[in-house]
Amino acid sequence: MDCDALCHIIRRLSMGSTIMMRTTIERMAGAAGREAELCGWVYNKRSSGKIRFLIVRDGTGIMQVVITKPELMETFDRLTQESSLVVSGKVRADSRSPGGFEMEATSLEALQIAGDYPITPKEHGTAFLMENRHLWLRSQKQWAIMRVRAEIIRACRDFLDDNGFLLVDTPIFTPAACEGTTTLFETAYFEDKAYLTQSGQLYNEATAAAFGKVYCFGPTFRAEKSKTRRHLTEFWMIEPEMSFAGLDDAMQLAEDFLYFIVQRVLENRQPELAVLQRDVEKLRRITRPFPRLSYTDAVEILRKEGNEIEWGGDFGSPDETVLSARFDSPVMVHRYPSAVKAFYMKPDPQNPDVALCVDVLAPEGYGEVIGGGQRIDDSELLRSRIAAHQLPEESFRWYVDLRRFGSVPHAGFGMGIERATAWLCGIEHIRETIAFPRTIYRIYP
RNA sequence: UCCUCAGUAGCUCAACGGUAGAGCAUCCGGCUGUUAACCGGAGGGUUGUAAGUUCGAAUCUUACCUGAGGAGCCA
């Protein structure tokens with residue numbers, strides 16, 4: 001694009017904002033009956049002789065523009081899918097237009113004519129769509145998912161901010177394994193090595209002792225070669241942690257937190273859920289209190305259902321599906337065997353073979369969305385666990401310190417944003433719930 | 001890491017041992033209310049790569065590459 005054209009566009013855009021009301025599709029109802037200007041991209045177009053239809057998207061929605069003026073036809077004919085444009089005209093309600101409003105164009109200007117757009121209005125395979133993820137984000141389904149995701153994040157933060165939790169973010173670079181179980185991404189750190197965090201958990205315990213109730217929210221990394229619809233190598237997790245709290249407090253918080261998020265999405269994201277064809281009745285059926293089930297009772301249920309599981313083993317995803325299918329609301333499974341859980345989980349004083357921990361399984365087979373529990377608060381027990389897990393003692397000195405200086409019972413959990421988003425959107429695969437997913441075989445775009 | 005499946009036009013697929021085809025996208029033409037619009041026409045191919053079997057391979061065999069689904073691990 002040459003300089004003259006660019007200057008013209010800038011002049012045109014600035015004129016638009018002073019002379020005519022610039023409107024987004026989201027707010028088009030407010031412009032009904034008046035002239036308005038809309039900036040966007042061609043979503044699709046159709047023509048029928050002397051009347052032409054332009055479907056425009058602007059990021060906030062999609063809308064139909066009708067073109068009948070002969071002097072606009074030439075510009076219309078040049079427009080290709082995803083060409084950028086500025087159009088103005090009179091807005092009126094019309095049930096035949098997606099969104100309920102349409103614009104009768106009085107002027108139409110192409111900013112840039114797009115080349116052959118790879119994503120056509122027909123079906124595509126996910127491999128191709130992922131290769132074009134930067135463009136795929138423009139389509140309706142992705143639009144809806146990203147807006148539900150943003151709503152979930154906003155709900156999480158509002159809930160915690162309004163309930164006395166202080167946002168204190170934890171580092172991405174860490175000197176050693178947080179939990180020692182999963183594989184970490186190793187990276188060069190000047191003369192040294194560092195690892196990308198797999199959880200803010202341990203640092204959260206330090207900030208909880210400093211600030212009472214805290215949460216962190218950020219990306220986490222797992223270098224596991226997982227290859228399923230529930231795994232990413234980079235995903236976002238929100239982790240609240242409370243001082244002077246036990247497992248029951250963590251479970252209550254998880255219940256209130258999830259319930260709040262579900263209600264918020266139902267309240268503010270109906271159009272998006274409609275685009276996704278989400279069965280919202282299933283979300284409306286979620287009620288408090290959530291069912292609670294001990295691990296031991298869960299194993300008994302699974303064995304009656306014919307699943308092959310021995311007491312002491314962790315649940316596989318078919319097990320989680322069977323358990324969650326029994327309830328309309330998320331189910332909280334607590335007190336797993338200590339042996340299958342992280343080293344910092346506090347043993348149950350009633351039965352030291354199990355830990356004071358909880359996994360929250362989402363309904364409809366979406367699996368674990370929350371994991372957490374109460375942490376060990378005794379320094380000697382913690383040190384023996386660190387040794388038993390063959391973790392480097394030196395790296396955990398600060399962590400043990402937290403038990404030497406005013407130790408208190410404390411508990412918290414982590415929720416995976418992508419899993420929660422997949423569940424509330426009712427979509428098959430977690431990779432569509434983040435703008436640029438990172439999986440074992442994909443780091444492009 | 002293991003198991004299963006799949007790679008054919010830009011995309012989605014068909015052809016399953018005998019001349020590689022359709023829809024969408026693109027280009028040209030038609031239509032005054034279209035809704036993934038429709039109708040007519042055109043261009044578009046080293047059938048993932050390499051070797052083998054055969055008179056003849058997209059099709060059968062082997063290896064490799066790439067991807068998808070599942071398991072394990074986890075949020």
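Any value given below was found using the heavy atoms of this structure, including those in side chains, with hydrogens, waters and symmetry copies removed. The model shown is predicted, which means the values in this text are computed figures rather than measured ones. Naming convention: chains lettered A, B, ... in sequence-line order (proteins, then strands); numbering from 1 in each chain.
Between A/F53 and A/N44, the residue anchored nearer the 5' end of RNA chain B, judged by the nucleotide with its closest heavy atom, is A/F53. The 5' end of RNA chain B is approached more closely, in terms of each residue's nearest nucleotide, by A/Y117 than by the other of A/Y117 and A/H429.
Ring geometry, A/Y203 versus A/W398: the interplanar angle falls under 30°, so the pair is classed parallel (tilted spans 30 to 60°). Ring planes of A/Y336 and A/Y295: tilted class, angle from 30 to 60°.
What separates CH2 of A/W236 from C1' of B/C74 is a distance of 19 Å, to the nearest Å. Between A/I152 atom CD1 and B/A75 atom P the separation is 18 Å, expressed in whole Å. When rounded to the nearest whole Å, the span between CG of A/D359 and P of B/C73 equals 13 Å. One atom, CD of A/Q81, and another, C1' of B/G10, lie 12 Å apart when rounded to the nearest Å. Summarising the geometry, the separation between CD on A/E224 and P on B/A71 is reported as 14 Å, rounded to the nearest angstrom. Going from atom CD1 of A/I440 over to atom C1' of B/C74 covers 14 Å, rounded to whole Å. The CD-C1' distance, from A/E432 to B/A68, rounds to 14 Å in whole Å. Rounded to whole Å, atom C1' of B/G30 lies 13 Å from atom CG of A/D77.
Across B/C27, B/C31, B/G33, the shortest atom-to-atom separation from the side chain of A/D94 is found for B/G33. Listed nucleotides: B/A75, B/G72, B/G10. Nearest to the side chain of A/F128: B/G10.
For A/Y215 and A/F257, the ring centers are positioned 6.0 Å apart or more.
Residue A/R230 places none of its side-chain N or O atoms closer than 4.0 Å to OP1 or OP2 of B/G69.
Between the side chains of A/T174 and A/T197, no donor-acceptor pair of N or O atoms lies under 3.5 Å.
Looking at A/E131, its side chain has no donor and acceptor atom pair within 3.5 Å of the base of B/G67. A donor-acceptor contact under 3.5 angstrom links the side-chain atoms of A/R419 to the base of B/C74.
The P atoms of B/G33 and B/U12 are separated by 35 Å, rounded to the nearest whole Å. Here, B/U59 and B/U54 have their P atoms 16 Å apart, quoted to the whole Å. Rounded to a whole angstrom, the distance from the P atom of B/U8 to that of B/C60 is 15 Å.
Nucleotide B/C73: unpaired (no Watson-Crick or G-U wobble partner with both distances less than 3.5 Å). Under the Watson-Crick or G-U wobble criterion, with both distances below 3.5 Å, B/G45 has no partner in any strand shown. Here B/G40 sits opposite B/C28 as a Watson-Crick or G-U wobble pair (both hydrogen-bonding atom distances under 3.5 Å). The partner of B/A50 is B/U62, judged by Watson-Crick or G-U wobble contacts that both fall below 3.5 Å.
Pairing each heavy atom of A/D169 with each of A/L167, the nearest pair is OD1-CD1, 3.5 Å.
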